[in-house]
> 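Below you'll find the structure I mean.
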Amino acid sequence: MGSSPPPPPPPQIAQLLSQFPITPKPDPDGPIPSQTPIPVAAPPPLMLALTTEICDALHRELAPSPDDDAFFARCLRQSQLHLEALAAQLRPNSSSSAAAPSLPLPPPLPPLPPRQEMQLSRDSGAGGSNPSTTKKRARPAAEMVRVANLAPADHLHYRALVRRARLTFEALRVAYQRQEPAAGARNRVDLRASSRMLSAGHWLHREVRIVGDIPGVLVGDAFYYRAELCVVGLHTAPQAGIGYIPASLVNEGHPVATSIVSSGGYLDDEDTGDVLVYTGSGGRQRNRLDHHADQTLERGNLALHNSYLYGVEVRVIRGHVCDQSPNPNRKVYVYDGLYRVVSSTFGPGKSGRDVCKFKLARLPGQEELGSKSWHTAKQLNDAMDARICPPRYISLDLSKGAEVLRVPVCNKLDDDRSPLLFEYTVRPEFPVPPVPRPVRRLRGCHYATGCGSKCRCERKNTGGLAYNEDGTLVMGRPVVYECGALCGCPMTCVNRVTQRGMKHRLEVFRSNETGWGVRALDLIPPGAFVCEYSGDVVVMNDHSGNALMEDRSIIDPKRFPERWKEWGDASAVDPSNRGPQFAEFAGPGYLLDVSQKRNVACYISHSCTPNVFIQFVVRGNEDERYPHLMVFAMETIPPMRELSIDYGIDGYLSAS
């Protein structure tokens, strides 16, 4: 039966075959061919043009199989990235930051469990472990969840958990710092504090792996230490730039990145705010911008590449240089919200070495970029220094020069100018008590340069010094005793912190939520003095009655909850760090009337999860019935963040 002749080869193959002479196979039954050697010219080198189609075909051929060895699979993925980079260069109008070629993606991750899968114990507030019985570090769980649709009460609950964890971290860090003030890089007190909290089971959300937003953490929250990021669950590694869920904890067997810390430490990094080009980890020496070796697609780099393939959102934390930071790196870290990895490429970087580059775009519908708020605050401060009134500001200084720093007033909502109608008073005028007879000579301390542990005023502070060298409060007390007018120490004395006035800029602003409020224009460290709460002093006596309260704005100092007890308390993690037993303090014997006279503190709004608190302060030989109401920061307060204080309203309403 006849058969049709074979089809001719394609033109490309025919052109290739024409370059090589074809010698037919000799017939075994034919005559013996001549033994004279036939000179054959050397074949020309094989030259095939590399096209994007060939790159795509090879990319598909190199796709790893689920049965491949892990190391072999990583090599295949790295080869695929090389091909993607080559294909991007071959495409017209391509650039190094072009998106990856359109290839069939792996099957998406299964939908993450809904909110009810993440149940935190409201008693423990952390990983659910008992600090007194935990001896081993709690292992991270393999369950991945995404938290959404929280009720307002849940938001407050998780915010309180985050605040409690940060308070504990700061208390431990300060305690270790006071024990070992010269601790080096190998014995950093922030790492010791986070490690102690991890061992005690007080890292938040260790029982689940959260993808997306962390409940209780707000966009714009600022942190001085990477270790603190790990304590609240924002990041997973105190030193690595990419936080990810290992392959062993993911059902599909692929690691997935959930967070990155971008500090601009790589030569190929680019940042415009809403779009971030992030260079992977590895291949760079410490404190150098350029790469000395090629990066590899493994660990965090591989996890971030998988987040691109699976479409998993990533938490972005930016590191900013801050000269006031206690961090040895002089950095402050700001949470800027959720981003999605829109491209993942691999190829030569600016240093000539192969690097992994990931392009991330910020997801819409979030609060304003935290880093942008810092820029806005800096512009406002520069304008104030130049005496330029920004738009919609009704005053450059509410205090009219009475405060050390200007207090501007901003109203972008309406024409209300009521703060300008009150008389500004920096500090209250307390009544002078009658001098008993016979007159006893009142004396203060006599240190000419500065006070220490032997100072007469300092010895009144049970439990040691009241302030650290940087002026932050060591621990909360019923009352802090500072040096006074009769003391010989200068105003630079470490025990005169509140007498030197405001050190951090504030502004009064009009708000839809709180009417008039106060927000920071500077970064305020935790434990730092903010301002004094001031007004007209009203002494209650038998003739006062309730008529005094009518038609007046009255502040009762005794109504402020004892939030000072939370500052400097690390006993939940370290029982040996329990504070001393303080002597009984009767408390203030006066009220503040802010109907006519007031200062910036009177505009601070109420919150049951506040970021500032009231600490009573008595100076020198002052009457203890009239302590000053001093406002201190309860956490790191970033610029443009509103201040809030607990006025005891919730407890009063519950009692009523």
> For residues Ser371 and His320, is any side-chain donor paired with an opposing acceptor at under 3.5 Å?
yes
> Could you give me the CA-CA distance, side-chain angles and deciding distance for Tyr225 and Arg188, then say whether side-chain hydrogen bond (donor to acceptor under 3.5 Å, both in side chains) is met?
CA-CA 11 Å; Tyr225 301 94; Arg188 283 175 45 179; over 6 Å; no
> Is Glu562 salt-bridged to Lys565, cutoff N-O under 4.0 Å?
yes
> Using the ring centroid of each side chain, check whether Tyr590 and Phe430 are separated by less than 6.0 Å.
yes
> With the side chain counted from C-beta on, respond yes when Pro215 and Ile210 share a heavy-atom pair under 4.5 Å apart, and no when they do not.
yes
> What pair of heavy atoms forms the shortest contact from Asn599 to Val426, and how long is it?
ND2-O, 3.8 Å
> Between the side chains of Thr498 and Glu532, is a donor N or O closer than 3.5 angstrom to an acceptor N or O?
no
> Could you check whether Asp221 pairs with Arg159 (Lys NZ or Arg NE/NH1/NH2 to Asp/Glu carboxylate O, under 4.0 Å)?
yes
> Tell me which pairs pass side-chain hydrogen bond (donor to acceptor under 3.5 Å, both in side chains) where either residue lies in residues 404-413, with sequence neighbours left out.
Asn411-Asp414
> Please report the shortest heavy-atom distance between Gly501 and Phe529, naming the atom on each side.
O-CE2, 3.6 Å
> As an exercise, state the distance from CG of Leu229 to OG of Ser194, rounded to the nearest 0.5 Å.
10.5 Å
> State, yes or no, whether a side-chain contact exists between Tyr424 and Val600 at a heavy-atom distance under 4.5 Å.
yes
> Will you find, in the side chains of Asn468 and Arg178, an N or O donor that is under 3.5 Å from an N or O acceptor?
yes
> Hey, are Glu566 and Arg166 close enough for a salt bridge, meaning a charged N less than 4.0 Å from a carboxylate O?
no
> Leu523 versus Val332: any side-chain heavy-atom pair under 4.5 Å?
yes
> Do Arg146 and Glu313 meet the salt-bridge criterion of a basic N to acidic O distance under 4.0 Å?
yes
> Look at atom CD of Gln379 and say whether more than 12 heavy atoms of other residues, nucleotides or ligands are closer to it than 6.0 Å.
yes
> Find the distance between SG (Cys230) and CG (Leu191) and round it off to the nearest 0.5 Å.
9.5 Å
> Do Trp567 and Asp569 touch side chain to side chain, with heavy atoms closer than 4.5 Å?
no
> Is a side-chain N or O of Gln366 found less than 3.5 angstrom from the main chain of Leu338, in a donor-acceptor match?
yes
> Are side-chain N/O atoms of Glu482 and Gln499 paired as donor and acceptor at under 3.5 Å?
yes
> Taking atom types as modelled, find out whether Glu624 and Tyr481 have a side-chain donor-acceptor pair closer than 3.5 angstrom.
yes
> Under 3.5 Å, is there a donor-acceptor pair linking the side chains of Ser511 and Glu642?
no
> Return the orientation label for the Trp516 and Tyr603 ring planes: parallel under 30°, perpendicular over 60°, tilted otherwise.
perpendicular
> Roughly how far, to the nearest 0.5 Å, is OH of Tyr339 from OG of Ser259?
14.0 Å
> Tell me yes or no: between the side chains of Ser325 and Asn327, is some donor less than 3.5 Å from an acceptor?
no
> Which atoms form the tightest heavy-atom contact between Asp574 and Arg196, and what is the distance?
OD1-NH2, 3.4 Å
> Could you walk me through whether Lys503 and Asp522 pass salt bridge (Lys or Arg N to Asp or Glu O under 4.0 Å), step by step?
CA-CA 9 Å; Lys503 295 297 181 184; Asp522 291 335; over 6 Å; no
> Residues two or more places apart in sequence or in another chain: which of them pass side chain to side chain donor-acceptor pair (under 3.5 Å) with Asp646?
Arg563
> Between Phe223 and Tyr333, does the ring centroid distance fall short of 6.0 Å?
no
> Nearest 0.5 Å, please: how far is CG in Asp190 from CG in Leu172?
11.5 Å
> Supply the atom-to-atom distance Cys410 SG to Arg392 CZ, rounded to the nearest 0.5 angstrom.
8.0 Å
> Can a salt bridge be assigned to the pair Arg315 and Asp213 using a cut-off of 4.0 Å between side-chain N and carboxylate O?
no
> List the atom of Val219, the atom of Arg641, and the distance in Å for their closest heavy-atom pair.
O-NH2, 3.5 Å
> Identify whether the distance between the nearest side-chain nitrogen and carboxylate oxygen of Arg625 and Asp623 falls below 4.0 Å.
yes
> Indicate yes or no for a side-chain donor-acceptor contact from Glu622 to the backbone of Arg619 under 3.5 Å, with no hydrogens or angles considered.
yes
> Give, for atom OG1 of Thr636 and atom CD of Glu228, the distance between the pair rounded to the nearest 0.5 Å.
5.5 Å
> Answer yes or no: are there more than 12 heavy-atom neighbours, outside Lys372 itself, under 6.0 Å from its atom NZ?
no
